[in-house]
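Everything quoted here is computed from the prediction, not taken from an experiment. Atom set for the values below is all heavy atoms of this structure, side chains included, hydrogens, waters and symmetry mates excluded.
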Amino acid sequence: DNSEKVRHESKNLIAATDAQTKRTQADVTKKLQQRSRDIGYWKDELNREIEEMLNEDDLLCAEKIRLEKALDATASPLIIATDCLKNRERRQNIDNVHDEVEIELHKEVDLIQNVQALLKKTIDETDKQIKLVRRAKHNLSKDWGDKKHAYKIDVSAGNLNNYTTEIMYRDGVEQISGGNSKPEDWAQKTHDNIMAAEHERMAGIQLRGIIDDILTDVANDQREQANA
C-alpha cells in the first residue's frame, strides 16, 4: 500500500544519505590529513630557518664585538702618536726639524684615524644587518606560530567522527569568510618569508666575511706602520 511505499522510499533515502555522508566525511578527513601534512611541512621549514637566523644573529653580534674591541684598541696608539707630535712641536729653533720621525708619526696618526673611520662605518653596517636579520626572524616566528595554531586545529578536526563527544553545531560555520586565503596564496606567503630570511642570512654571511678581511688588513697595516 501507499504507507509501505513511503516507508520503503524513506528507508532508501536514509541509506543513501548515510552512504553519501560517510563518503563526504571520508573525503573531508583525507583532505584534512593532507592539509595537516602540508602545514607540518611548512612549520618544520619555518622552524629550520628560525634556527638558522638565531645562529646568524649570534655570529653577527660576535663580529660586532670584535669590531668594537679593535676600535677600542686604536685609542691608546692614537693618543701616544698625537702626544709625540705635540711634544716635538715644542722643539726650539734649529732643533725643530721636519725629520723622518715626524713624517712617520703623521702617517701613523692618519692611518689610525682612517682605521677608526672604517671600523665605525662597519659597526654601523653590522648593526643594520643585525636589525634586518631580527626583523626577518620575527616574521618567521609569527608565521610559525600561525602554522602551529592551524596545525593543531586541523589535526583535531581530522580526528573527529560521528562518535566524538562534545560536538556542537555552530550557526554560520558553513559560510566562508572573505578574509580567508587560498591555499596557493597561503603557501606562497610562507615561501616568501623564508626567501626573505635567507636573503638576509646570506647578506649576514657575506658581511661577516668582509669584517674578517677588514680586521686582518687593519692588523697588518698597523703592524707594518709600527715597524716602519
(message) side chain to side chain contact (heavy atoms under 4.5 Å, CB included) for Lys107 and Asp110? Distances and angles first, verdict last.
(response) CA-CA 5 Å; Lys107 286 182 179 180; Asp110 289 342; 5.8 Å; no
Non-neighbouring partners of [X] that pass salt bridge (charged side-chain N to carboxylate O under 4.0 Å, His left out), sequence neighbours left out:
X: Asp212; value: Arg66
X: Lys31; value: Asp27
X: Lys142; value: Asp146
X: Glu200; value: none

From [X] atom [atom1] to [Y] atom [atom2], the distance as rounded to the nearest 0.5 Å:
X: Leu46; Y: Tyr41; atom1: CG; atom2: OH; answer: 10.0 Å
X: Lys137; Y: Glu51; atom1: NZ; atom2: CD; answer: 9.5 Å
X: Trp144; Y: Asn139; atom1: CH2; atom2: CG; answer: 15.5 Å
X: Thr126; Y: Leu60; atom1: OG1; atom2: CG; answer: 7.0 Å
X: Glu104; Y: Cys84; atom1: CD; atom2: SG; answer: 13.0 Å
X: Lys148; Y: Ile39; atom1: NZ; atom2: CD1; answer: 14.0 Å

(request) List in chain and number order the residues that pass side-chain hydrogen bond (donor to acceptor under 3.5 Å, both in side chains) with Asp127, two or more places apart in sequence or in another chain; answer none if no residue qualifies. (result)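 Asp127 satisfies side-chain hydrogen bond (donor to acceptor under 3.5 Å, both in side chains) with Lys64 once adjacent residues are dropped.
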(request) Name all residues meeting the side-chain hydrogen bond (donor to acceptor under 3.5 Å, both in side chains) criterion together with Arg135; count only those two or more places apart in sequence or in a different chain, and write none if there are none. (result)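 So Arg135 forms no side-chain hydrogen bond (donor to acceptor under 3.5 Å, both in side chains) with any residue.
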Checking [X] now: which residues fulfil side chain to side chain contact (heavy atoms under 4.5 Å, CB included) with it, not counting sequence neighbours?
X: Lys131; result: none
X: Asn55; result: Leu59
X: Ala81; result: Leu105, Glu108, Val109

(request) With Ile214 as reference, evaluate Ile211, Ile210, Asp217 under the side chain to side chain contact (heavy atoms under 4.5 Å, CB included) test and give the passing residue. (result)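 One option only clears the test, and that one is Ile210.
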(request) Sort out for me which residue in Asp221, Val218, Leu78 forms a side chain to side chain contact (heavy atoms under 4.5 Å, CB included) with Leu111. (result)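 Of Asp221, Val218, Leu78, side chain to side chain contact (heavy atoms under 4.5 Å, CB included) with Leu111 is met by Asp221 alone.
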Taking every non-hydrogen atom, the tightest pair across [X] and [Y]:
X: Leu215; Y: Ala70; answer: CD2-CB, 3.7 Å
X: Ala197; Y: Ala136; answer: CA-CB, 3.9 Å
X: Tyr151; Y: Gly40; answer: CD1-N, 3.9 Å
X: Val133; Y: Met53; answer: O-CE, 3.4 Å

(message) Would you say Leu71 ends up clustered with Ile79 if hydrophobic residues are merged whenever their side chains have heavy atoms under 4.5 Å apart, either directly or through other cluster members?
(response)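 The answer is no; the residues belong to distinct hydrophobic clusters.
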(request) Find out if a path of hydrophobic residues (ILVMFWY) with successive side-chain heavy-atom gaps under 4.5 Å connects Val115 to Ile65. (result)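 Shared cluster, no.
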(request) With the side chain counted from C-beta on, respond yes when Leu132 and Gln129 share a heavy-atom pair under 4.5 Å apart, and no when they do not. (result)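 In contact.
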(message) What I'd like to find out is whether the side chain of Arg23 reaches to under 4.5 Å of the side chain of Gln20, using heavy atoms alone.
(response)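 The answer is yes; the side chains approach within 4.5 Å.
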(request) May I have all residue pairs that pass side-chain hydrogen bond (donor to acceptor under 3.5 Å, both in side chains) and include part of residues 68-81, sequence neighbours excluded? (result)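 The answer is Thr74-Gln116.
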(message) Show every side-chain hydrogen bond (donor to acceptor under 3.5 Å, both in side chains) that has at least one partner inside residues 189-199, sequence neighbours left out.
(response)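 Non-adjacent pairs meeting side-chain hydrogen bond (donor to acceptor under 3.5 Å, both in side chains): Asp143-Thr190, Asp143-Asn193, Lys147-Thr190, Gln188-Asp192.
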(message) Test question: given the 4.5 Å side-chain rule for I, L, V, M, F, W and Y, name all other residues clustered with Ile205, or answer none.
(response)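 So far as hydrophobic clustering goes, Ile205 is joined with Met202.
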(message) Please evaluate residues Lys128 and Glu125 with respect to the criterion salt bridge (Lys or Arg N to Asp or Glu O under 4.0 Å), reporting the C-alpha separation (whole Å), side-chain torsions for both, the decisive distance (0.1 Å), and the verdict.
(response) CA-CA 5 Å; Lys128 291 176 182 177; Glu125 290 177 355; over 6 Å; no
(message) Taking Arg201 first and then Glu49, would you say they form a salt bridge - that is, a charged N and a carboxylate O separated by under 4.0 Å?
(response)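 Salt bridge between Arg201 and Glu49, a charged N being under 4.0 Å from a carboxylate O: yes.
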(request) Report, as yes or no, whether the 6.0 Å neighbourhood of atom CD on Gln113 holds more than 12 heavy atoms from other residues, nucleotides or ligands. (result)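 Enclosed: over 12 neighbouring heavy atoms sit under 6.0 Å from CD of Gln113.
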